[in-house]
Amino acid sequence: MPPKKKAQKEADSPGDNLTRIAIVSAEKCKPKKCRQECKKSCPVVKLGKLCIEVGPKSKIAYLSEPLCIGCGICVKKCPFEAINIINLPKDLERNTTHRYGPNSFKLHRLPM
């Protein structure tokens with residue numbers, strides 16, 4: 001029986017109840033002017049996963065929300081303060097009314 005209690009504790013942990021929205025400001029993000037500190041310092045990228053992608057012709061960085069662990073290192077390392085990561089309850093994921101695009105603003109629980 002004790003393993004079941006442990007599994008229940010893990011299911012109730014706050015990290016499991018959150019989802020992330022990564023917002024990259026198109027006005028502030030300048031991947032050609034910075035040294036892509038966000039990508040270089042990301043622990044998920046260091047593990048070989050493409051959590052932060054900046055293509056050679058990209059105008060802004062792309063953050064993969066499912067891969068993001070929410071550590072906030074990219075937010076602190078960005079010299080232009082272009083990245084925000086917002087933790088939301090997972091319940092809102094199924095109540096998304098509209099999303100303006102990847103790494104953009106979401107609207108939740110609006111009447112249709």
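Note that the structure is predicted; figures quoted are calculated from it, not measured.
- In this structure, SG on Cys38 lies 4.0 Å from CD1 on Ile83, to the nearest 0.5 angstrom.
- Of all non-hydrogen atoms in Ser58 and Lys32, the two that sit nearest each other are O-CE, 4.3 Å.
- The side-chain heavy atoms of Cys68 and Cys51, taken from C-beta on, include a pair separated by under 4.5 Å.
- A distance of 5.5 Å separates CZ of Phe80 from SG of Cys34, quoted to the nearest 0.5 Å.
- Side chains of Ile86 and Ile23 form a contact here, defined as non-hydrogen atoms less than 4.5 Å apart.
- Without hydrogens or angle criteria, Thr97 side chain to Leu110 main chain gives a donor-acceptor distance under 3.5 Å.
- Asn87 approaches Arg20 most closely through the heavy-atom pair OD1-CG, 3.0 Å.
- Pro31 approaches Lys59 most closely through the heavy-atom pair CD-O, 3.3 Å.
- In this structure, Ile73 is not a member of the same hydrophobic cluster as Ile85, with clusters built from ILVMFWY side-chain heavy atoms closer than 4.5 Å.
- Between the CD1 atom in Ile21 and the CG atom in Leu63 there is a gap of 12.5 Å [rounded to 0.5 Å].
- Within a 6.0 Å sphere centred on CD of Glu81, other residues, nucleotides and ligands contribute 12 heavy atoms or fewer.
- Rounding to the nearest 0.5 angstrom, the gap separating the CD atom in Glu53 from the CD1 atom in Ile60 is 12.0 Å.
- Of the charged side-chain nitrogens involved, none lies within less than 4.0 Å of a carboxylate oxygen, so that Glu37 and Lys30 do not count as a salt-bridged pair.
- Between Leu50 and Tyr62 the shortest side-chain heavy-atom distance does not fall below 4.5 Å.
- A distance of 11.0 Å separates NZ in Lys46 from NZ in Lys40, rounded to the nearest 0.5 Å.
- Put simply, NZ on Lys106 and CZ on Arg99 are 4.5 Å apart, with the number rounded to the nearest 0.5 Å.
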